[in-house]
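Notes follow the structure.
Each chain gets a letter, A, B and so on, in the order the sequences are listed, and its residues count up from 1. Everything quoted here is computed from the prediction, not taken from an experiment.
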There are 2 protein chains.
Amino acid sequence: MLTIGKLGEAAGVKVPTIRYYEQIGLLPEAERSAGNQRLYGRKAMERLAFIRHARDLGFTLEAIRDLLSLSDRPDQSCAAADAIARAQLAEIESRLARLTALKAELERMVVQCAGGKIADCRVIEVLGDHSLCATDHRYPESEVPS
Amino acid sequence: MLTIGKLGEAAGVKVPTIRYYEQIGLLPEAERSAGNQRLYGRKAMERLAFIRHARDLGFTLEAIRDLLSLSDRPDQSCAAADAIARAQLAEIESRLARLTALKAELERMVVQCAGGKIADCRVIEVLGDHSLCATDHRYPESEVPS
DNA sequence: CCTAATGTCTCTAGCAACTATAGCTTCAAG
DNA sequence: CTTGAAGCTATAGTTGCTAGAGACATTAGG
């Protein structure tokens, strides 16, 4: 049995985070030693590793909660797990597309900064004027106030 | 002069967000009408557009605060603005790389889910076992508890 | 065996960047 | 003149932790 510190070290999760996961019900309440310290066995370790891995993949704690409750019922269809993973994949693909566009715009900004004065700085200028950039702008010219 | 609702609509920023920006000092305190309602002119609109655009590009409010104070001193060198933008670019590049790796792993997981039972589900399995994935795993086998 | 240094305990508050709610007042349209 | 939308303030909630305070537990060294 491991104390919370050892578990955290082993799983690459900080101690307060483990206590937090217990608090919100992602981890079951741990056994306690005579001196009231939490003790963890292999099952807790595996559950924590599952959580950490899913977090690394960008799943929200809510999604992880769902996945964990699915994995507790191994005889059910895995369609739900598949759906959660697919949703996560779609989410990541959309973030990826967005970030790629942002990167392009930032690169343009940075390249165009000639190292002069603020008044001529493309970074400031581009940020201040939607029409200078390629990304969606949400208000028509007509609505710009006087 | 625009009321807060019109300004928000025009700039694509929600009303409580505008009040929040004022509260934390990103926007100056707005003029008020006789009935104590906020009124905004073109300068406020431009400042808000600047903030929204920078937020869209992923800059933190802190970075935006810095950029705004730079843009208030147009005679200074733009090296600082350039540095902020470059840092943001580096940050985005790193997130991009990470997301690309995650996407690959999620795709593998999803493809391998044969549509059977949870017990055989690759999604659950891969999440539960670090050794089945390609990403960094932070604890050596020797530290896995009994 | 005692002490000092860690480690753990609970509880509370804080972080970013908003979002939502409650209970008002003010404004614009009919 | 009334009604409904939009505004006001103030407070609390969100997600996923992280940091502190002050008290108890455990362990390593002398």
Send over the distance from [X] [atom1] to [N] [atom2], rounded to a whole Å.
| X | N | atom1 | atom2 | result |
| --- | --- | --- | --- | --- |
| Ile18(B) | dA6(D) | CD1 | P | 14 Å |
| Ile4(B) | dC27(C) | CD1 | P | 15 Å |
| Leu7(B) | dA6(D) | CG | P | 15 Å |
| Gln23(B) | dT11(D) | CD | P | 11 Å |
| Leu2(A) | dG7(C) | CG | C1' | 14 Å |
| Asp56(A) | dG16(D) | CG | P | 14 Å |
| Glu22(B) | dC18(C) | CD | P | 15 Å |
| Ile24(B) | dT19(C) | CD1 | P | 13 Å |

When you measure from the side chain of [X] to the backbone of [Y], do you find a donor-acceptor pair of N or O atoms at a distance under 3.5 Å?
| X | Y | answer |
| --- | --- | --- |
| Thr100(B) | Leu96(B) | yes |
| Arg95(B) | Leu99(A) | no |
| Arg108(B) | Ala104(B) | no |

[X] side chain near [N] phosphate (N/O to OP1/OP2, under 4.0 Å):
| X | N | value |
| --- | --- | --- |
| Tyr21(B) | dC18(C) | yes |
| Arg19(B) | dC8(D) | yes |
| Arg38(B) | dT9(D) | yes |

Hey, are Lys43(B) and Glu46(B) close enough for a salt bridge, meaning a charged N less than 4.0 Å from a carboxylate O? no
Are Arg38(A) and Glu22(A) ion-paired here, with the side-chain N under 4.0 Å from a carboxylate O? yes
Letter per nucleotide, 5' to 3', of nucleotides 19-28 of chain D [B base touched, S only sugar-phosphate touched, - untouched; heavy atoms, 4.0 Å]: ------SS--
For Ile84(B) and Ala63(B), the nearest pair of non-hydrogen atoms, with its separation, is CG2-CB, 4.1 Å
Taking for each residue the nucleotide of DNA chain D bearing the nearest heavy atom, is the 5' side occupied by Gly5(B) or by Thr17(A)? Gly5(B)
Look at the side chain of [X] and decide which nucleotide, out of [options], has an atom nearest to it.
| X | options | answer |
| --- | --- | --- |
| Tyr20(A) | dT18(D), dC8(D), dC18(C) | dT18(D) |
| Arg32(A) | dC9(C), dG16(D), dG7(D) | dC9(C) |
| Arg55(A) | dC17(D), dC18(C), dG7(D) | dC17(D) |

Starting at the 5' end of DNA chain C, which residue's closest nucleotide do you reach first, Thr60(B) or Val15(A)? Val15(A)
What's the spacing between Leu68(B) CG and Phe50(B) CZ if we round to 0.5 Å? 5.0 Å
Classify Phe59(A) by what it touches in the nucleic acid, base, sugar-phosphate, or nothing, heavy-atom distance under 4.0 Å. nothing
